[in-house]
Amino acid sequence: MTTRTRRGTTDVPATRIVYYPDPTATTDPHAALVRHTVAELQARRRRDDVLYARWVQRQAVIAERDRRTRRALLWAFAGIGTTVIAVIVTACWLTYRAITTAATFDGSWLLGIALGAVVLSGIVAGGHKCITVIEHRH
């Protein structure tokens, strides 16, 4: 019978990184290196600070716009959801009244059923209709 042992994390050798020279580059690998003066570095850091401050300000504006959009969509969907629930409750109530008052035919429930049918057909058949027109030009 053979037993297997697990290697610990100390047994794993470090990853070896190999750099390959770019044959299309210049022959001098240090040609791309540029020595900057202290003034140039300070100017670059000031420019980077200004750019970062603009980026932070832009992100704050984007976050504010997103917050307002989420709030508007929340209110819109809350209104739509409330309307849908009200329509369903009304339809259920009209159905209940139609079933319970069918024995005493007084005719008032017919108006409710007709109104419910019109509203329901408007919901089912209505809405946004989109006709996509595709033109193929060769």
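Just so we're clear, the structure is a prediction, and the values are computed from it rather than from any experiment.
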Visitor: Taking CD in Glu64 as the centre, count heavy atoms belonging to other residues, nucleotides or ligands within less than 6.0 Å. Is the count above 12?
Guide: yes

Visitor: If you look only at distance, which donor and acceptor atoms sit under 3.5 Å apart when one is on a side chain in residues 83-95 and the other is two or more places apart or in another chain?
Guide:
{"residue": "Thr83", "atom": "OG1", "partner": "Gly79", "partner atom": "O", "Å": "2.8"}
{"residue": "Thr90", "atom": "OG1", "partner": "Ala86", "partner atom": "O", "Å": "2.7"}
{"residue": "Thr95", "atom": "OG1", "partner": "Ala91", "partner atom": "O", "Å": "2.8"}

Visitor: Which pairs would a plain distance check flag for residues 34-51, meaning a side-chain donor or acceptor within less than 3.5 Å of a matching protein atom at least two apart in sequence or in another chain?
Guide:
{"residue": "His36", "atom": "ND1", "partner": "Glu40", "partner atom": "OE1", "Å": "3.4"}
{"residue": "Thr37", "atom": "OG1", "partner": "Glu40", "partner atom": "N", "Å": "3.2"}
{"residue": "Glu40", "atom": "OE1", "partner": "Thr37", "partner atom": "N", "Å": "3.0"}

Visitor: Could you tell me whether the side chain of Leu74 reaches within less than 4.5 Å of the side chain of Arg71, counting heavy atoms only?
Guide: no

Visitor: Mind checking the CG-CD1 spacing from Leu73 to Ile80? Nearest 0.5 Å is all I need.
Guide: 9.5 Å

